There are 2 protein chains.
Amino acid sequence: MGNAKQLRKSAELALCYPAVGEAPLGEAEAADLAGVLAALADPIRLRLLSIVASHDEVCSCDLEGPLGKSQPTVSHHTRVLAEAGLLTGERRGRWVWWRVEPTRLAAVRKALGA
Amino acid sequence: MGNAKQLRKSAELALCYPAVGEAPLGEAEAADLAGVLAALADPIRLRLLSIVASHDEVCSCDLEGPLGKSQPTVSHHTRVLAEAGLLTGERRGRWVWWRVEPTRLAAVRKALGA
DNA sequence: CAGCAGTATCGATCTACATCAATGTGTTGG
DNA sequence: CCAACACATTGATGTAGATCGATACTGCTG
């Protein structure tokens, strides 16, 4: 019915960081980038992200099984990834459908990149 | 006089992970990759890495000042980065000289790649 | 409206880690 | 051989986060 709602847009998300090799990072940039990396630095979240990336869209209820985690735990991890800007959730009816945000991953790659 | 010693080669470091978008990560691969990302997910370590990357070599004593951290803390962070395979330390006389391991950063970028 | 299903939040617990003072180890110079 | 320096390790402390049971919220459905 088109009543889809975007969920949890996070505060300020830089789309570009200076690459690690270019110049010493400032404290603010380092803290921001560390936040995104911390969201990625969890085995469950990495597997969650790869599951969502492998399909186009995945709903939360289809994640509990493959991940072997409880519903509150899965909800927690999707939230962390969404707040880091790596995932986008859209509510359709009772379900929330998740997609990856490729721009965000590309920004992290570039920040780590030569 | 040529008695340089490599420091803290870490256990098993994969040079290649399946990219996040390709196929769901296995638990072992996810845990391994999460380990490297956890080493990167710290503002101090990111700044440390960018300082080392900006120069060719940096000795530990030149890191305390820019980072504003105590000597044991700097030693702790260099150790974490070295065990993650991101930094290589070489002892020459009293000093330890640190270099980045570009291959390792490239592997992380590739794993995060679309 | 009542009941159910998918999600989110809360509260509690356990574990991991960042930090630094104190101390240990190894190296150079006198 | 000793004193000074660079770095590593240990022990203690505070904080952040992963997990799950219980519970609240939200949109379907009968």
Side-chain angles (χ1 to χ4, degrees), chain A residues 1-10 27 30-31 34-49 52 57-84 87-98, chain B residues 1-10 27 30-31 34-49 52 57-84 87-98:
Chain A
M1 280 87 165
N3 57 346
K5 282 193 279 186
Q6 291 297 98
L7 299 183
R8 285 191 285 273
K9 285 181 193 169
S10 48
E27 299 192 15
V36 190
L37 288 167
L40 287 168
D42 182 283
I44 303 295
R45 286 197 286 269
L46 281 177
R47 287 172 53 212
L48 198 163
L49 197 67
V52 176
E57 287 182 327
V58 177
C59 94
S60 299
C61 55
D62 289 329
L63 289 170
E64 300 176 30
L67 293 176
K69 293 293 166 184
S70 71
Q71 180 270 320
T73 299
V74 171
S75 180
H76 165 68
H77 287 303
T78 51
R79 176 193 187 114
V80 171
L81 287 171
E83 285 179 342
L87 236 50
T88 303
E90 188 177 325
R91 173 151 229 152
R92 298 195 210 120
R94 302 192 261 206
W95 299 276
V96 176
W97 296 90
W98 298 101
Chain B
M1 315 292 203
N3 57 345
K5 283 192 279 186
Q6 289 299 96
L7 300 182
R8 285 191 288 270
K9 284 182 193 168
S10 48
E27 299 192 15
V36 189
L37 288 167
L40 287 169
D42 182 284
I44 303 294
R45 286 197 286 269
L46 282 176
R47 288 172 54 211
L48 198 163
L49 197 68
V52 176
E57 288 182 326
V58 176
C59 91
S60 300
C61 55
D62 289 330
L63 290 169
E64 300 176 30
L67 294 175
K69 293 293 165 183
S70 71
Q71 180 268 321
T73 299
V74 171
S75 179
H76 165 67
H77 287 305
T78 51
R79 176 193 188 114
V80 171
L81 288 171
E83 285 179 343
L87 235 51
T88 302
E90 187 178 325
R91 175 150 228 153
R92 297 196 210 121
R94 304 193 257 206
W95 297 276
V96 175
W97 295 90
W98 298 101

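Quick caveat, the model's predicted, so the values are computed rather than measured. In what follows, chains carry the letters A, B, and so on, assigned in the order in which the sequence lines appear, proteins first and then strands, with residues in each chain numbered from 1. Hydrogens, waters and symmetry mates are skipped; everything else that's a heavy atom, side chains included, is used.
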Exercise for the section: Report the residue (B:Trp95 or A:Ala38) whose heavy-atom-nearest nucleotide on DNA chain D is the more 5′ of the two. Expected result: B:Trp95

Exercise for the section: Could you check how far CG of A:Leu40 sits from P of D:dA18, rounded to whole Å? Expected result: 12 Å

Practice task
Answer yes or no: does atom CD of B:Glu27 have more than 12 heavy-atom neighbours from other residues, nucleotides or ligands under 6.0 Å?
Solution key: no

Exercise for the section: Starting from P on D:dT19, measure out to CG on A:Leu48 and report it in whole angstrom. Expected result: 11 Å

Exercise for the section: Report yes if some heavy atom in the side chain of B:Thr78 is under 4.5 Å from a heavy atom in the side chain of B:Trp98; otherwise report no. Expected result: yes

Using residues 37-45 of chain A as the side-chain source, report each donor-acceptor pair under 3.5 Å to any protein atom, sequence neighbours left out, with the distance given to one decimal.
unit_1, atom_1, unit_2, atom_2, d
A:Asp42, OD1, A:Ile44, N, 2.9
A:Asp42, OD1, A:Arg45, N, 3.2
A:Arg45, NE, A:Ala39, O, 2.6
A:Arg45, NH1, A:His77, ND1, 3.0
A:Arg45, NH2, A:Ala38, O, 3.3

Exercise for the section: Kindly give the heavy-atom pair with the smallest separation between B:Arg92 and B:Glu90, and that separation in Å. Expected result: NE-OE2, 3.4 Å

Handout entry: Any A:Arg79 side-chain N or O less than 4.0 Å from OP1/OP2 of C:dT9
Key = yes

Handout entry: B:Ser75 side-chain N/O to D:dC7 phosphate OP1/OP2 under 4.0 Å
Key = no

Completion exercise
Testing C:dT19, D:dC20, C:dA8 for proximity to the side chain of B:Thr73, the answer is C:dT19

Exercise for the section: Give the rounded distance in Å between these two atoms: NE2 of A:His76 and P of D:dT19. Expected result: 7 Å

Exercise for the section: Figure out the CZ/C1' separation between A:Arg92 and C:dA5, and round it to whole Å. Expected result: 18 Å

Problem - Spacing between A:Trp98 atom CH2 and C:dT7 atom P, to the nearest angstrom - result: 9 Å

Problem - DNA chain C contacts among residues 58-70 of chain A, heavy-atom distance under 4.0 Å - result: A:Cys59, A:Ser60, A:Cys61

Problem - Donor-acceptor pair present, B:Gln71 side chain and D:dA6 base, under 3.5 Å - result: no

Completion exercise
Of all heavy-atom pairs linking A:Val52 and A:Val58, the shortest is CA-CG2, 3.9 Å

Practice task
Send over the distance from B:Arg91 CZ to D:dA6 P, rounded to a whole Å.
Solution key: 11 Å

Practice task
Mind listing the closest non-hydrogen atom pair of A:Cys59 and A:Trp97 along with its distance?
Solution key: N-CE3, 3.6 Å

Practice task
Measure from the side-chain N and O atoms of A:Ser75 to the backbone N and O of A:Gln71, and report whether any donor-acceptor pair falls under 3.5 Å.
Solution key: no

Grab the N/O contacts between the protein and nucleotides 11-13 of chain C below 3.5 Å, and write none if there aren't any.
none

Exercise for the section: Starting at atom CG of A:Asp42, determine the distance to atom P of D:dA16, rounded to an integer number of angstrom. Expected result: 18 Å

Handout entry: Any side-chain heavy-atom pair of B:Leu67 and B:Thr73 under 4.5 Å
Key = no

Practice task
Kindly say whether B:Pro66 contributes a backbone atom to a donor-acceptor pair with the side chain of B:Arg47 at under 3.5 angstrom?
Solution key: yes

Problem - Euclidean distance, atom CD1 of residue A:Ile44 to atom C1' of D:dA18 [Å, nearest integer] - result: 9 Å

Practice task
Return no unless some side-chain N or O of A:Arg45 is found under 4.0 Å from OP1 or OP2 of D:dA18.
Solution key: yes

Practice task
Report yes if at least one side-chain N or O of B:His77 is closer than 4.0 Å to OP1 or OP2 of C:dT19; otherwise report no.
Solution key: yes

